Amino acid sequence: MWGKVALAAAVLTASGAVAQGLPDPLTDTPGDPTRGRAVVVDRQLGLCLLCHTGPFPEVPFHGDLAPDLTGVGTRLSPAEMRLRLVDSRAVNAESIMPPYHSLDGLTRVAALWEGKTILDAQQVEDVVAFLTTLTEEPE
Amino acid sequence: MTKVCTTALVILMAGPAQSDDRRSGFEFMGPTTQSMQTDDMANPGMLAVLAGERLWNEPAGLSEQSCQTCHGDPEGEMRGVAARYPAFDEVAGTAVDISGRVNLCRTRHQRADPLPHENADLLALVTLIGLQSRGLPIQPDPDPRLTEWRARGEAYYETRVGQLNLSCAQCHDENAGGHLGGAPIPEAHPTGYPIYRLEWQAMGSLQRRLRGCFTGVRSEPWPYGSDGYIALEAYLMQRAAGMTMETPAVRP
């Protein structure tokens, strides 16, 4: 169902329209920033720091394939963050950022993960809530 | 005119002997791991070579013949073979890698059972054969029947797979030199197989390495020995043509 929303946004993007975002939360329960942070630093769950750097001094090895998440809360709106998490291909078709809440076009998924999104809807909301708190200026 | 000169200049400035900027996984490693590979006394792959030499001379199967009986010393006929594989086997009607080739000799010529993939004896024989190409440039077999295999391998290389939806090219072409977590992303050149991998604490084939990359993007790896691996191997060897073989390599 939410795949459809992401797709609609992608179509809008492709046709040159603006509003690159998903303004409506995916769940009724407001996102919890503490749980969201836990998802982001978790190597098996969020995987974010495999690619991103950010204000997470306790995590030893950050990747360097993606923008620093420091200050992302001032750069992007929750709607823009939500869309990037649900399916980053809606913003950049070539993106290496995995589609966290879309099964669109996936092939040869391992049996363990077949039919499952990387994050569930509430986890996406938790991560959005956490990213929103990252308002410090990058050094 | 100007453009040609500029290009020539860039090539001149890029470095001494190297005519292109492809880099082996060796160059992405720390000095400790590098010297573990270059020092034969420290390289655990040389233990596999020793085991391979013993097996080379051991009669096997109903034929009671050894590899030595038909091929002589490995230093002779096996020179450059690993730098040329995968190759097309007429009788089997399919492309095979060195492991597949050794098993064909076991079943066809020695009348023995094939050795399972990643079996220590099979890896030892393949490492021994690989060593006979160390220092030689990769020279893919020109057999036209391999063209289709390489094309298929290239298609796999470019296709996004798994829950993380990534292709080999997205990591190994577009992001080579970057870091995935703490790990440098190499260019995926199959110059050193079989390798001793520190993470495995063991020798392993290129197929095992490729399975790791599939699992990493949460994609279902093909079963060992599948045509898909042979196709990918054939493409990767073509992509690395001219690069220097380093079997047995050490990798993190």
Side-chain angles (χ1 to χ4, degrees), chain A residues 3 6-7 10 40-54 56 58-69 84-120 123, chain B residues 28-30 33 152-188 198-199 207-224 226-232 235 252:
Chain A
L7 203 65
V40 168
V41 299
D42 190 320
R43 275 269 144 100
Q44 318 299 326
L45 189 53
L47 314 161
C48 317
L49 304 186
L50 284 178
C51 295
H52 287 276
T53 44
F56 312 100
E58 80 276 23
V59 179
F61 296 109
H62 293 198
D64 56 12
L65 309 177
D68 195 304
L69 292 175
R84 279 161 177 75
L85 281 166
V86 167
D87 191 345
S88 65
R89 292 169 294 179
V91 181
N92 167 15
E94 305 299 315
S95 181
I96 58 165
M97 178 155 150
Y100 277 92
H101 198 64
S102 163
L103 299 173
D104 217 29
L106 300 189
T107 58
R108 289 190 37 217
V109 176
L112 187 60
W113 310 100
E114 181 68 58
K116 298 182 190 124
T117 56
I118 305 170
L119 297 180
D120 66 29
Q123 287 168 328
Chain B
F28 294 83
M29 311 194 306
T33 320
R152 211 144 37 94
E154 181 170 16
Y156 290 133
Y157 189 83
E158 305 285 346
T159 305
R160 287 177 178 247
V161 292
Q163 193 194 38
L164 304 192
N165 200 39
L166 288 165
S167 70
C168 319
Q170 284 180 297
C171 280
H172 290 296
D173 291 346
E174 292 162 31
N175 286 288
H179 292 79
L180 186 71
I185 304 180
E187 296 174 7
L198 298 172
E199 189 181 305
Q207 292 196 18
R208 183 171 180 191
R209 173 64 261 189
L210 298 182
R211 288 170 69 88
C213 282
F214 280 130
T215 312
V217 297
R218 300 183 177 172
S219 174
E220 195 71 52
W222 299 302
Y224 275 114
S226 298
D227 283 356
Y229 293 120
I230 309 296
L232 265 176
Y235 171 64

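Note that the structure is predicted; figures quoted are calculated from it, not measured.
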Discussion item. Heavy-atom pairs under 4.5 Å with chain B: which of A/Asp64, A/Leu112, A/Ile96, A/Thr107 has the most?
Written reply: A/Asp64
Worksheet entry | Heavy-atom pair count under 4.5 Å with chain A, highest-scoring of B/Cys171, B/Gly182, B/Ser167 | B/Gly182
Discussion item. I'd like to know if the side chain of B/Tyr235 and the backbone of B/Ala155 have a donor-acceptor N/O pair within less than 3.5 Å.
Written reply: no
Fill in: Part of B/Leu166 lying under 4.5 Å from any heavy atom of chain A
side chain
Worksheet, complete the sentence: With chain B, the option among A/Leu65, A/Thr117, A/Thr53, A/Leu49 that has the most non-hydrogen atom pairs under 4.5 Å is A/Leu65
Discussion item. Treating B/Gln170 as the side-chain partner and B/Arg160 as the backbone partner, does any N or O pair qualify as donor plus acceptor under 3.5 Å?
Written reply: no
Practice prompt. Using the six-membered ring wherever Trp is involved, compare the ring planes of B/Phe214 and B/Trp222 and label them parallel, tilted or perpendicular (cut-offs 30° and 60°).
Written response: perpendicular
Practice prompt. List the atom of B/Ile185, the atom of B/His172, and the distance in Å for their closest heavy-atom pair.
Written response: CG2-ND1, 3.8 Å
